[in-house]
2 protein chains.
Amino acid sequence: METVDTAPAEEVLRLDHQICFSLHAAARAFNGVYRTALKDLGLTYPQYLVMLVLWEHGELPVKRIGERLRLDSGTLSPLLKRLEATGCVERRRSPEDERSVTVRPTPAGAALRERALDVPRRIGAATGMELAEIMELRVRLDRLTEALDGAGTGLAAEECVRD
Amino acid sequence: METVDTAPAEEVLRLDHQICFSLHAAARAFNGVYRTALKDLGLTYPQYLVMLVLWEHGELPVKRIGERLRLDSGTLSPLLKRLEATGCVERRRSPEDERSVTVRPTPAGAALRERALDVPRRIGAATGMELAEIMELRVRLDRLTEALDGAGTGLAAEECVRD
DNA sequence: CGCAATTCAGTTGTGCGCAACTCAATTGCT
DNA sequence: AGCAATTGAGTTGCGCACAACTGAATTGCG
């Protein structure tokens, strides 16, 4: 079948042929829109993602937040420290497992949720896309991420097996 | 018509309903795959993007590179300095306009191109997608970026008018 | 029980991305 | 010509992302 290696060598490396760049640019463009949309909430975009998870689950150990967002402690620890500094979350060492730290929204952090309700609509409007089209794009991207994660973590040769 | 605001308040903020997160995750997944693919070239992913542009155009002022990659001097200046330190590019103040700095690949940087030819194929394989599907995704993402860029630069209220 | 292996959060170091700024060169307006 | 506005690159400061590491708590195996 038709694959990339049918293209001549000069074409292969053209910037505008590469999906990665489109993705990279789109992610940064989203980030910019969120930056302005979240400015008066006092949240950055990754902080907003953490708050989404916490609003949904009420209270979670750092580990679980990281699983949901695919972020490790090296990213989350300082981020959560900043969220604690701005009064959005509380962190408490878990009594039953002293290694684990439980994070939960403060009343102020929970209240922020009301003001965030408008954000998805504004973002949706900024995309200029129909909901159905966005959903389809999302599905494709999730499939892509799954494939890339499988290929990236050393299982390149063998297929990604479900645990 | 069916839009986001038909969904109940609790649903609106669910992480897995938000396109931005899928995009964010996919971009990071790509970054991870590139990280390993580019490791023996000694390039990071953004450095690779810069080299793609330079391989294609031979020599460009910083300004033009920034336009192609949607990056400003705050990002490019240190990145180019690192590329210069690793011997991939040369920087020279333009004689006809002393404000401008022209960047071009060194012989070593140009030679790197040969070794990079294999990268897109490897990345393509990691996506697990057909070329046609990738191309279509790229088109959608570019449209999305264009819409978001228009909305992000302060025209939130009024529709994005073509210049 | 006792100790090695594992798990979890946090730290360190590097690089990207962007806003806000500086500084010099150039352009444009009068 | 003279001077203000603009342009281009660079710097600073901050936050995110990730690799590699530390250190404490827990688990598990003999």
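Protein chains get the first letters and strands the later ones, always in sequence-line order, with residue 1 at the start of each.
Of the candidates D:dG10, C:dT11, C:dC8, the closest approach to any side-chain atom of B:S73 belongs to D:dG10. Closest contact between the side chain of B:S77 and the listed nucleotides D:dG10, D:dT26, C:dG10 involves D:dG10. Nearest to the side chain of B:E98, among C:dA25, C:dG10, D:dG15, sits C:dA25.
Across all strands shown, A:T44 has heavy atoms under 4.0 Å from sugar-phosphate atoms exclusively, and none from any base. Using a 4.0 Å heavy-atom cutoff across all strands shown, A:N31 reaches no nucleic acid atom at all. Residue A:L76 is classed as having no contact, given no heavy-atom separation below 4.0 Å to the nucleic acid. Within the 4.0 angstrom heavy-atom criterion, no nucleotide atom of any strand lies near B:R64.
Between B:R99 atom CZ and D:dT7 atom C1' the separation is 5 Å, expressed in whole Å. Counting to the nearest Å, the P atom of C:dA9 and the CG atom of A:L80 are 10 Å from each other.
Look at B:K81 and you'll find a side-chain N or O under 4.0 angstrom from OP1 or OP2 of D:dT11.
Listed for the B:R104 side chain is no donor-acceptor partner under 3.5 Å among the backbone atoms of B:E90.
Both A:R93 and A:R35 sit near DNA chain C, but only A:R93 has its closest nucleotide nearer the 5' end. Both B:P78 and A:T75 lie close to DNA chain C; mapped to their nearest nucleotides by heavy-atom distance, the more 5′-ward contact belongs to A:T75.
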